[in-house]
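Below: the structure, in structure tokens.
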Amino acid sequence: MQTIKLATICTPADYNTRPLDTIYNNFIDALPVVKYGSKNNKCLIHFSTCEVYGKTIGNFLPKDSPLWQNASPCIFGPIEKQRWFYACAKQLIERLIYAEGAENGLEFAIVKPFN
């Protein structure tokens with residue numbers, strides 16, 4: 001049996017007008033799903049975003065460079081730019097999922113659709 005987390009706030013207009021909802025929905029509200037999967041030996045399928053790569057795509061890599069989960073640099077904008085709250089929250093939950101896998105054996109897959 002698998003646990004799939006799909007719910008999220010992913011509308012750019014909301015990042016600026018609802019920053020707390022964006023953080024809570026993409027990180028805090030995802031914590032029980034991750035813990036449930038780890039505690040109950042479920043395979044977690046987590047939908048993330050290409051935005052976790054930050055400014056990498058347009059600014060720091062040659063055109064058409066592939067993005068690699070374990071090698072691509074990750075650069076976000078300043079903290080007062082609420083536009084980055086979504087990407088940071090998604091990045092943090094990915095790191096938590098990875099840590100649950102490393103420390104507690106959580107099986108997982110992270111899917112990153114590109115928009």
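This is a predicted model, so every value here is computed, not measured. FYI, side chains are in, hydrogens and waters are out, and symmetry mates aren't considered; it's all heavy atoms of this structure.
- The distance from the CG atom of Leu31 to the CD1 atom of Ile93 is 4.5 Å, given to the nearest 0.5 Å.
- The distance from atom CD1 of Ile97 to atom NE2 of His46, rounded to the nearest 0.5 Å, is 4.5 Å.
- The backbone N or O of Cys43 lies less than 3.5 Å from no partner atom in the side chain of Glu107, so there is not a single donor-acceptor pair.
- Under the 4.5 Å side-chain heavy-atom criterion for Ile, Leu, Val, Met, Phe, Trp and Tyr, Phe27 and Val33 are members of the same hydrophobic cluster.
- A distance of 13.0 Å separates CG of Asn26 from CD of Gln91, quoted to the nearest 0.5 Å.
- Under a hydrophobic clustering in which Ile, Leu, Val, Met, Phe, Trp and Tyr are joined whenever their side-chain heavy atoms come within less than 4.5 Å, directly or via other members, Phe47 and Phe85 fall into different clusters.
- The two residues Leu106 and Lys42 make their nearest non-hydrogen contact at CD1-O, 3.4 Å.
- Note: Tyr98 OH to Glu103 CD = 10.5 Å, rounded to the nearest 0.5 Å.
- Within a 6.0 Å sphere centred on CZ of Arg83, heavy atoms belonging to other residues, nucleotides or ligands number more than 12.
- Nearest heavy atoms, Lys90 versus Ser48: CE-CA, 3.7 Å.
- Across all their heavy atoms, Asn25 and Asp29 have their closest contact at CA-OD2, 3.5 Å.
- Here Lys35 contributes atom NZ and Leu96 contributes atom CG; the two are 8.0 Å apart, rounded to the nearest 0.5 Å.
- In this structure, CH2 on Trp84 lies 13.5 Å from CD1 on Ile79, to the nearest 0.5 angstrom.
- The aromatic rings of Tyr86 and Tyr15 lie parallel to each other, their planes meeting at an angle below 30°, with 60° marking the opposite boundary.
- The minimum heavy-atom distance linking Thr22 with Asp14 is given by the pair OG1-O, 3.6 Å.
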